[in-house]
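What follows is a single structure, written as structure tokens, with notes after it.
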Amino acid sequence: MAANGEEKQSQALRHQEVGHKSLLQSDDLYQYILETSVYPREPESMKELRELTAKHPWNIMTTSADEGQFLNMLLKLINAKNTMEIGVYTGYSLLATALALPEDGKILAMDINRENYELGLPVIEKAGVAHKIDFREGPALPVLDQMLEDEKNHGSFDFIFVDADKDNYINYHKRLIDLVKVGGVIGYDNTLWNGSVVAAADAPMRKYVRYYRDFVIELNKALAADPRIEICQLPVGDGITICRRLN
């Protein structure tokens with residue numbers, strides 16, 4: 001009986017695993033994906049950073065392991081070299097990006113909290129990819145506006161990943177569309193927002209989920225209607241929308 005109790009407790013805890021944002025209805029199916037295809041191929045440095053982040057009180061903010069794997073492969077498929085990341089946290093997705101880029105690849109990484117970034121920095125340094133990262137502490141919008149003033153920055157990025165303040169996603173998109181190259185890719189994270197995008201407005205949900213829900217819905221509508229991009233929304237992690245710039 002004790003063994004059965006421990007097994008049930010283990011199953012109950014699976015959905016609380018760090019970065020677990022899967023929209024799959026079956027936790028067993030999600031665990032199957034992790035144990036079969038993700039964890040066996042996860043670089044040791046990413047595993048170390050994932051486990052380190054799991055001890056942080058805000059670990060729900062991290063990119064899930066399956067999404068990290070997806071980003072790493074996507075960057076290799078498009079041969080990305082010059083990239084940007086808005087919203088870094090402890091750097092799991094940043095590390096996934098850095099490992100995928102060539103030796104002379106670059107990532108402009110922005111976050112309002114340097115302390116969280118520095119938590120994962122020793123792991124990134126040990127992986128030998130810290131030289132690819134230009135970290136800027138502070139809000140991203142002023143940096144983007146400054147970059148847009150210089151014509152040489154227009155169309156200069158191969159890939160941009162956004163996992164930050166959802167109430168500014170629309171504002172980011174207005175600027176990023178000019179900074180990413182034609183044929184380049186922008187990835188917006190959390191676009192299914194805990195499944196709340198299809199929930200009734202009066203449905204019970206956590207305060208932070210309710211607060212950002214309308215902003216995520218607004219973004220999804222705007223991306224779907226934007227003729228400058230083609231999009232693909234995937235139920236990976238908490239939902240990620242891939243946008244490829246057309247013109």
Side-chain angles (χ1 to χ4, degrees), residues 13-14 16-22 30-31 33-140 143 156-165 185-190 236-238 240:
L13 289 173
R14 280 181 177 177
Q16 299 175 23
E17 183 172 359
V18 60
H20 189 313
K21 304 172 185 176
S22 174
Y30 182 58
Q31 201 68 22
I33 294 172
L34 292 177
E35 293 176 0
T36 303
S37 302
V38 180
Y39 291 159
R41 294 296 191 100
E42 184 179 36
E44 191 60 34
S45 57
M46 290 183 65
K47 178 183 178 182
E48 183 180 354
L49 184 50
R50 174 170 56 82
E51 292 177 345
L52 182 153
T53 303
K55 301 172 185 176
H56 194 278
W58 301 339
N59 59 44
I60 190 64
M61 290 170 54
T62 193
T63 299
S64 61
D66 53 324
E67 186 174 2
Q69 184 186 58
F70 169 73
L71 291 172
N72 184 272
M73 179 173 284
L74 175 63
L75 285 154
K76 292 173 181 174
L77 288 171
I78 65 174
N79 295 313
K81 185 174 180 179
N82 190 37
T83 72
M84 182 192 304
E85 181 160 332
I86 301 176
V88 172
Y89 187 42
T90 61
Y92 187 79
S93 57
L94 187 64
L95 179 56
T97 299
L99 289 171
L101 298 184
E103 188 62 22
D104 59 346
K106 298 296 179 185
I107 313 167
L108 172 60
M110 292 175 276
D111 198 290
I112 59 172
N113 191 320
R114 177 179 289 274
E115 184 178 345
N116 289 336
Y117 167 66
E118 291 182 344
L119 184 67
L121 184 56
V123 180
I124 295 172
E125 290 175 335
K126 188 165 67 172
V129 293
H131 65 282
K132 301 179 185 180
I133 301 167
D134 175 11
F135 180 81
R136 312 273 185 93
E137 183 180 21
V143 177
S156 63
F157 288 88
D158 304 310
F159 178 80
I160 301 171
F161 183 58
V162 184
D163 183 10
D165 42 332
V185 173
I186 307 173
Y188 291 102
D189 201 18
N190 306 115
V236 176
D238 193 27
I240 181 171

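The shown structure was predicted, so the numbers you read here are calculated from the model rather than taken from an experiment. Atom set for the values below is all heavy atoms of this structure, side chains included, hydrogens, waters and symmetry mates excluded.
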Side chains of [X] and [Y]: does their closest heavy-atom pair fall under 4.5 Å?
X	Y	answer
R50	K47	yes
Q69	N72	no
L99	S45	yes
D111	Y117	no
F161	L75	no

>> Does the plane of the ring in Y89 sit parallel, tilted or perpendicular to the ring in H56? Use 30° and 60° as the thresholds.
In response: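 Rings of Y89 and H56: perpendicular, over 60°.
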Quick one: closest heavy-atom pair of [X] and [Y], and the distance?
X	Y	answer
Y39	A65	CE2-CB, 3.9 Å
P102	A80	CD-O, 3.4 Å
N82	S156	ND2-O, 2.8 Å
E67	G237	OE1-CA, 4.2 Å
K132	A98	NZ-O, 2.7 Å
D158	K81	OD2-N, 2.9 Å

Point-to-point distance, once rounded to the nearest 0.5 Å, from [atom1] of [X] to [atom2] of [Y]:
X	Y	atom1	atom2	result
I133	L94	CD1	CG	4.0 Å
K126	L121	NZ	CG	12.5 Å
M61	N190	CE	CG	10.0 Å
E85	D134	CD	CG	13.0 Å
T97	M84	OG1	CE	12.5 Å
E51	M46	CD	CE	12.5 Å

>> Are there over 12 heavy-atom neighbours, none belonging to R41, within less than 6.0 Å of that residue's CZ?
In response: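 No, CZ of R41 has 12 or fewer neighbouring heavy atoms, counting only those of other groups under 6.0 Å.
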> When you measure from the side chain of T83 to the backbone N and O of K106, does any donor-acceptor pair fall under 3.5 Å?
Replying inline: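 The answer is yes, because a donor-acceptor pair under 3.5 Å joins these two groups.
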>> Strictly distance-based, threshold 3.5 Å: is any side-chain N or O of D189 a donor or acceptor partner for the main-chain N or O of I240?
In response: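 Checked: no pair found.
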>> side-chain contact (heavy atoms from CB on, under 4.5 Å), that's the test. Do Y30 and D66 meet it? Break it down for me.
In response: CA-CA 9 Å; Y30 182 58; D66 53 324; 3.0 Å; yes
